[in-house]
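First comes the structure, then the notes that go with it.
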Amino acid sequence: MDFKLTEEQLELKKWAHEFAEREIRPVAAEYDESEEFPWPVLKKASEAGLYSIDIYMQAQQDPTGLTLPLIMEEIFWGCAGIGLSIFGTGLPLSALAAVGTQDQLFEWAPRMFGTPEDPKVAAFAVTEPQAGSDVRSLRTRAKREGDEWVLNGQKIYITNGTVADVYVIVATIDPELGHRGQASFVITSDDEGIRPGKKERKLGIRASDTSEVLLENCRIPVDRVLGGVDRVEEKLAKARKGESSGRSSAALRTFEVTRPSVAAQAVGIARAALEFATQYSKERVTFGVPISQHQSIQNHLADMAVEVECSRLLVHKAAWLAASGQPFEKAEGSMSKLKAGETAVRVTEQAVQVLGGYGYIKDFPVEKWYRDSKIYTIFEGTSEIQRMVIARALLA
Ligand SMILES: Cc1cc2nc3c(=O)[nH]c(=O)nc-3n(C[C@H](O)[C@H](O)[C@H](O)COP(=O)(O)OP(=O)(O)OC[C@H]3O[C@@H](n4cnc5c(N)ncnc54)[C@H](O)[C@@H]3O)c2cc1C
């Protein structure tokens with residue numbers, strides 16, 4: 001066992017950190033305020049090669065699994081809203097890679113990213129008004145009509161919903177089969193019958209675009225179903241006979257794979273708050289001494305540091321398990337997401353406390369990190385759902 005990062009990993013981390021420090025941190029407050037999608041930063045990330053398919057391919061070939069967690073921690077240290085604008089496309093890409101055929105991957109992945117001159121983003125749409133945690137209850141329908149699928153439904157809270165060029169939409173072909181009657185479809189913004197609905201205004205990660213996506217008689221060719229028509233028909237036929245495909249839903253499989261990376265994002269926010277609070281405590285004087293000399297402030301900082309370290313260890317272990325092809329027997333992916341998400345909330349809250357009134361106002365970035373952190377106990381599986389998955393693994 002060796003916890004030391006290699007020279008190559010340290011270089012990667014430094015590269016991502018410098019980008020975050022130079023291009024993200026200075027504009028984070030501005031995008032938080034305006035809630036605009038940070039296209040100029042995305043363009044710079046694309047030009048630098050940070051926003052590219054190559055990064056995901058490099059991550060795929062990394063036997064340690066640490067490529068994405070290392071990059072995520074640094075970029076989200078810069079700003080979680082902008083970070084999600086850069087890495088939100090990773091989610092539909094993972095869905096495409098998890099259930100699509102090789103041909104579909106080669107056709108759609110490049111379009112999701114565009115080019116450095118004209119970068120594009122993509123969205124993964126599962127959630128609906130009546131189906132968030134309960135992904136079995138999706139009502140968006142996909143009906144086969146000759147050589148086409150016709151989709152109708154309402155998706156909500158979709159990251160990149162108003163700005164995506166490519167959407168991966170999870171819909172139900174046969175509602176009686178629950179999640180086994182569902183499939184994923186690739187739809188582009190040029191297709192008729194798909195349009196963004198209401199753009200949400202949010203507590204945190206405000207640079208990230210979140211909106212409704214509406215499907216109204218959206219017609220797409222039959223080959224846009226991920227995995228191909230034959231495989232999907234076969235899966236449905238098995239489900240109708242009550243035979244198990246041995247696999248969980250496409251949506252759940254996608255979330256399982258992406259959990260350690262999402263958890264690494266939360267570690268990035270928590271670390272930003274820990275570093276800021278530590279530095280601030282050395283400068284702020286009360287009762288004639290820097291507050292870092294007060295035992296209770298030291299306790300806050302120590303607890304924050306321990307939580308950040310624990311979260312990172314869980315993230316790296318889960319990422320390594322996934323990369324080395326070992327199953328998450330103890331739901332390690334969920335453990336990392338649960339721990340890191342709750343750590344981000346707790347640590348940013350403690351950072352506000354360490355700064356006192358200055359933690360609560362917008363002159364300092366700490367209040368923003370506190371707001372940004374909360375989403376990590378909600379999206380990609382709430383904390384309650386992660387606990388359920390962990391308990392199920394324990395009790396199996
Ligand atoms: C900013 C943002 C971005 C998002 N991006 C995307 C995206 O790109 N694509 C996408 O598809 N979705 C996205 N979502 C949706 C997100 O994944 C859901 O909001 C989340 O899964 C929770 O679903 P819900 O909001 O319907 O809450 P509900 O499922 O209604 O849950 C409400 C409460 O009940 C608890 N609960 C529910 N069921 C159980 C249970 N069985 N046991 C115990 N507790 C339970 C939950 O933990 C929660 O506390 C995003 C959401 C937000 C806010």
Side-chain angles (χ1 to χ4, degrees), residues 13 16-17 20 24-25 28 32 59 65-88 90-91 94 133 157 159 202-208 210 254-278 303-322 328 331-352 365-387 389-390:
K13 198 169 140 63
H17 186 78
I24 299 180
R25 270 275 174 102
D32 175 57
L66 295 188
T67 297
L68 282 183
L70 291 175
I71 294 177
M72 296 291 179
E73 184 178 327
E74 299 310 318
I75 296 298
F76 284 70
W77 170 93
C79 168
I82 297 178
L84 198 61
S85 304
I86 300 174
F87 286 101
L91 192 58
S94 298
S133 306
Y157 307 155
T159 300
K202 308 191 295 289
L203 174 71
I205 56 162
R206 287 153 56 108
S208 169
T210 313
T254 302
F255 289 134
E256 193 61 22
V257 174
T258 53
R259 260 170 207 153
S261 291
V262 174
Q265 301 171 1
V267 176
I269 307 174
R271 195 187 98 210
L274 168 64
E275 286 175 6
F276 197 92
T278 307
D303 287 349
M304 290 157 79
V306 172
E307 293 300 296
V308 170
E309 196 68 24
C310 287
S311 304
R312 185 184 298 113
L313 284 171
L314 274 173
V315 169
H316 287 195
K317 183 175 175 194
W320 168 75
L321 281 172
F328 288 155
E332 287 88 344
S334 288
M335 281 191 187
S336 68
K337 162 74 171 49
L338 173 66
K339 180 70 186 170
E342 296 200 341
T343 291
V345 175
R346 178 83 186 111
V347 165
T348 53
E349 194 253 346
Q350 281 177 294
V352 171
V366 175
E367 63 84 30
K368 172 183 175 294
W369 294 330
Y370 184 33
R371 289 185 285 107
D372 285 347
S373 67
K374 187 57 194 161
I375 193 62
Y376 287 88
T377 66
I378 297 173
F379 70 4
E380 301 229 7
T382 62
S383 286
E384 289 78 8
I385 295 297
Q386 308 301 346
R387 286 193 167 84
V389 174
I390 296 163

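No hydrogens, no waters, no symmetry mates; every other heavy atom, side chains included, goes into these values. For this chain, numbers begin at 1 and follow the sequence in order.
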**Request:** Check step by step if side-chain hydrogen bond (donor to acceptor under 3.5 Å, both in side chains) holds for Thr210 and Thr159.
**Result:** CA-CA 5 Å; Thr210 313; Thr159 300; 5.0 Å; no
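- Using a 4.5 Å cut-off on side-chain heavy atoms (C-beta onward), Leu66 and His316 make contact.
- In this structure, the separation between CG on Leu70 and OG on Ser261 is 10.5 Å, given to the nearest 0.5 Å.
- The residues Arg387 and Glu342 are annotated as salt-bridged, a charged nitrogen and a carboxylate oxygen being separated by less than 4.0 angstrom.
- With no hydrogens or angles considered, a side-chain donor-acceptor pair links Thr343 and Ser311 at under 3.5 Å.
- Here the closest non-hydrogen pair linking Ala20 and Gly78 is CB-CA, 4.1 Å.
- With hydrogens and angles disregarded, a donor-acceptor distance shorter than 3.5 Å links the side chain of Arg206 to the backbone of Asp32.
- Panel note: side chain Asp372, backbone Ile205; a donor-acceptor pair is recorded below 3.5 Å.
- Considering NZ of Lys368 and CD1 of Ile269, their distance stands at 8.0 Å, rounded to 0.5 Å.
- When all heavy atoms of Val347 and Leu274 are compared, the pair lying nearest together is CG1-N, 4.4 Å.
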**Item:** Val267 and Val308: CA distance, side-chain angles, deciding distance, side chain to side chain contact (heavy atoms under 4.5 Å, CB included) verdict
**Value:** CA-CA 6 Å; Val267 176; Val308 170; 4.2 Å; yes
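- Contact of the Phe379 side chain with the Tyr157 side chain is not registered, since no non-hydrogen atoms from C-beta on lie closer than 4.5 Å.
- The two residues Pro69 and Gly65 make their nearest non-hydrogen contact at CD-O, 3.3 Å.
- Residues passing the salt bridge (charged side-chain N to carboxylate O under 4.0 Å, His left out) test with Arg25, sequence neighbours excluded: none.
- Remark: Phe328 CZ to Leu321 CG distance equals 6.0 Å, nearest 0.5 Å.
- How far CZ of Arg346 is from OH of Tyr370: 9.5 Å, rounded to the nearest 0.5 Å.
- Here the closest heavy-atom approach between residue Gly83 and residue Phe76 is recorded as C-CZ, 3.2 Å.
- One N or O on the side chain of Lys202 and one on the backbone of Ser208 form a donor-acceptor pair closer than 3.5 Å.
- The shortest heavy-atom contact between Ala263 and Val315 is CB-CG2, 3.6 Å.
- Atom NZ of Lys13 sits in a crowded spot, with more than 12 heavy atoms from other residues, nucleotides or ligands closer than 6.0 Å.
- Two residues are said to be in side-chain contact when any heavy atoms from C-beta on lie closer than 4.5 Å; Ser336 and Lys317 fail this criterion.
- Between Ile24 and Ile86, some side-chain heavy-atom pair lies under the 4.5 Å cut-off.
- Not a single donor-acceptor pair under 3.5 Å links the side chain of Glu380 to the backbone N or O of Val262.
- Put simply, the side chain of Lys337 gets close to the backbone of Tyr376: a donor and an acceptor are under 3.5 Å apart.
- When side chains are defined from C-beta on, Met335 does not count as touching Lys339, because their heavy atoms never get closer than 4.5 Å.
- Counting only N and O atoms by type, the side chains of Thr377 and Lys374 include a donor and acceptor under 3.5 Å apart.
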**Asked** Does the side chain to side chain contact (heavy atoms under 4.5 Å, CB included) test come out yes or no for Leu84 and Gln265, once each step is laid out?
**Response** CA-CA 9 Å; Leu84 198 61; Gln265 301 171 1; 4.2 Å; yes
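- Gly81 and Ala207 make their closest contact through C-CB, 3.7 Å (heavy atoms, listed as atom of the first residue, atom of the second, distance).
- Glu73 contributes atom CD, which lies 12.0 Å from atom CD1 of Ile71 (distance to the nearest 0.5 angstrom).
- In terms of the salt bridge (charged side-chain N to carboxylate O under 4.0 Å, His left out) criterion, residue partners of Glu309 (sequence neighbours excluded) are, by chain and number, Arg312.
- Side chain to side chain, Arg259 and Ser334 meet the donor-acceptor criterion of an N or O pair below 3.5 Å.
- For the atom pair OG1 (Thr382) and CD1 (Ile375), the distance works out to 11.0 Å, reported to the nearest 0.5 Å.
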